[in-house]
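Please read the structure below before turning to the comments.
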Amino acid sequence: MADSIVIVEGLHKSFGDTHALQGLNLTVPRGTVCGVLGPNGAGKTTAIRILATLCDPDAGYATISGFDVVRQSGKVRARIGLAGQYAAVDEKLTGRGNLRMFGRLFHLSRTRAYQRADELLERFDLLEAADRQVAGYSGGMRRRLDLITSLILRPDVLFLDEPTTGLDPRSRGEIWDSVRELVADGTTVLLTTQYLDEADQLADDIAIIDHGRVIATGTPDELKATIGDRLDIVLEEPNSFHAAATVVEAHTGADAAATGSDRLSVALPGGFRLADIVRELDRAGIAAADVSLRRPTLDEVFLRLTDHKERVS
Amino acid sequence: MTTFAPPMNHQLRWTISDGVTLIGRELDRLRQDPGQLIAMLIFPVIMVVLFGYVMDRFRSMPMARSAVPFGQTGADFLIGLPLLAVMVGAGLLVGWEPHRGFIPTAEAFLLMMLLRYALSWVGVYVGLRVKNDQIANALVPLFLPFTMLSNSFVPTEGMPAWLRVISDWNPVSAITAASRELFGNPSAAAQGAAWPLAHPITAVFLWSIVLLLIFVPLSIHAYHRKGR
């Protein structure tokens with residue numbers, strides 16, 4: 001791990017009786033996007049706050065570009081950008097006013113700060129709204145302004161804490177495009193999200209955390225491979241559902257999840273053949289309208305690993 | 001990649017420079033919402049609210065941390081100047097005038113600004129210690145009696161003993177008495193008045209210094225530790 005830009009070792013942090021982090025380990029190679037997934041309260045935001053020097057860990061350590069986030073916080077702050085689920089910009093200023101102010105606080109010269117504000121507004125498509133008060137911006141525009149504010153210094157590492165929570169699909173797509181552009185420029189991104197498709201879309205590596213610990217890491221494909229393929233069956237008769245579930249469960253040894261009144265889904269253990277199951281259903285006199293095999297979604301991986309009951313819709 | 005990474009050694013310089021930038025922020029905000037000025041005139045700034053997500057961004061940036069409270073109080077000081085002008089203008093309109101010439105008059109204004117500046121640090125500290133907007137709003141009325149429990153509106157002699165002690169030692173009473181003295185306006189300071197009312201100019205000065213000595217370090221410390 002010679003070129004790991006973010007290194008986190010054994011991080012602990014408690015708030016009273018709440019143990020937000022209980023030995024978090026994480027490394028992020030330079031120039032990659034690491035997606036941190038976890039249910040609410042898993043410790044994602046606490047981890048980001050420690051890495052962004054906003055709070056100190058109780059135990060363990062973390063470094064950014066080799067600088068300790070507690071003892072060398074000044075050096076860390078010069079190398080990071082932070083954007084999050086709450087737009088940390090001044091609502092009463094204009095978009096341009098915000099970028100100029102933050103540019104000055106990043107100690108750019110006045111000329112350079114003004115120039116940089118214009119560059120960023122243009123590149124991220126906010127020129128039109130640049131001179132309007134941020135209070136009048138849409139949620140997506142605010143989030144985009146927040147994102148580009150964290151880019152003023154061209155950070156080595158950008159922390160994105162649930163950057164698209166609460167945004168409509170179009171604004172979400174715009175944020176994703178912006179993030180992809182940054183990554184193409186070589187920025188390392190550490191992204192927390194509740195949206196698994198977001199991680200699937202953006203992340204090179206994923207760390208799933210639960211109860212303040214990393215419980216699985218890997219590329220999206222690797223994680224999907226760990227729980228095996230999924231078999232989806234659509235029945236012709238909804239009233240044959242229970243019979244079909246019994247047959248499928250007996251043959252796979254896995255729980256079948258109802259994905260509709262006439263359809264079910266099951267995780268296949270390795271080595272199972274589709275033909276066997278089709279034949280067993282046939283023998284039991286159950287008519288299937290459709291039987292298909294597919295890769296699991298990241299949602300299914302996540303639910304399985306975080307030990308929550310699969311959703312029955 | 002960190003082309004613009006600043007040197008971290010010129011702490012004082014950056015405190016001043018970042019503080020100036022933040023003063024600019026406050027004034028810029030005011031330009032967007034001038035109605036605030038009126039509100040401040042009626043309701044002096046009591047609590048400077050230093051939280052919200054913008055503060056998290058400030059804390060994650062390589063800027064001087066003490067610049068934030070200095071910027072806030074600096075802006076508050078500057079905002080006080082036009083308020084003072086409006087107050088003087090209104091006074092002149094209704095027939096008030098200073099009688100003792102330029103220097104005592106200027107001294108009175110300086111004392112007012114000094115006390116106001118010191119009190120704005122108290123506001124910063126209180127603002128840093130409250131957890132959210134709701135608590136801050138709930139606390140504001142608690143500060144109102146400070147202006148009432150003074151000699152601003154009625155002389156303190158007529159008050160019950162315990163109330164009179166509070167009023168006599170209230171810095172608001174001292175500034176009122178000091179201004180009256182320096183402007184040469186009729187003074188209500190009676191024989192046997194409490195020390196701060198007998199020596200109001202010194203009292204205001206001491207009050208301001210003591211408040212600054214206590215609340216500047218406390219506020220900076222509280223700002224540094226917040227979120228830890």
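Below, read A as the first sequence line, B as the second, and so on, with proteins coming before strands; counting in each chain starts at 1. Note that this is a predicted model, so its numbers are computed, not measured.
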When heavy-atom pairs shorter than 4.5 Å are enumerated against chain B, which of A:Asn98, A:Leu82, A:Asp90, A:Val89 gives the highest number? A:Asp90

Chain B contacts, top residue of A:Ala88, A:Ser65, A:Gly81 (heavy-atom pairs, under 4.5 Å): A:Ala88

Can you tell me which portion of [X] sits under 4.5 Å from chain B's heavy atoms? Options are side chain, backbone, both or neither.
X        : answer
A:Thr149 : both
A:Ser109 : neither
A:Phe159 : neither

Correct closest heavy-atom pair for A:Ala52 and B:Ser60 would be O-CB, 3.8 Å

What pair of heavy atoms forms the shortest contact from B:Pro62 to A:His107, and how long is it? O-CE1, 3.5 Å

[X] vs [Y] side-chain heavy atoms within contact, under 4.5 Å:
X        : Y        : answer
B:Thr21  : A:Met101 : yes
B:Asp56  : A:Arg49  : yes
A:Phe102 : B:Met61  : yes
B:Trp14  : A:Leu105 : no

Please check if the number of heavy atoms outside A:Glu122 that lie under 6.0 Å from its CD is greater than 12. no

Atom CZ of A:Arg180: over 12 foreign heavy atoms under 6.0 Å: yes

What pairs with A:Arg100 under salt bridge (charged side-chain N to carboxylate O under 4.0 Å, His left out), at least two apart in sequence or on another chain? none

Ion pair present between A:Arg104 and B:Asp18, side-chain N to carboxylate O less than 4.0 angstrom? no

So that I can tick it off, tell me whether A:Asp146 and B:Arg57 are bridged by a salt bridge, with the cut-off set at under 4.0 angstrom between side-chain N and carboxylate O. yes

Could you tell me which residues satisfy ring pair (Phe, Tyr, Trp, His ring centres under 6.0 Å) with B:Phe183, sequence neighbours excluded, listed by chain and number? B:Trp96, B:Phe109

Give, for atom OG of A:Ser73 and atom CZ of B:Arg59, the distance between the pair rounded to the nearest 0.5 Å. 12.5 Å

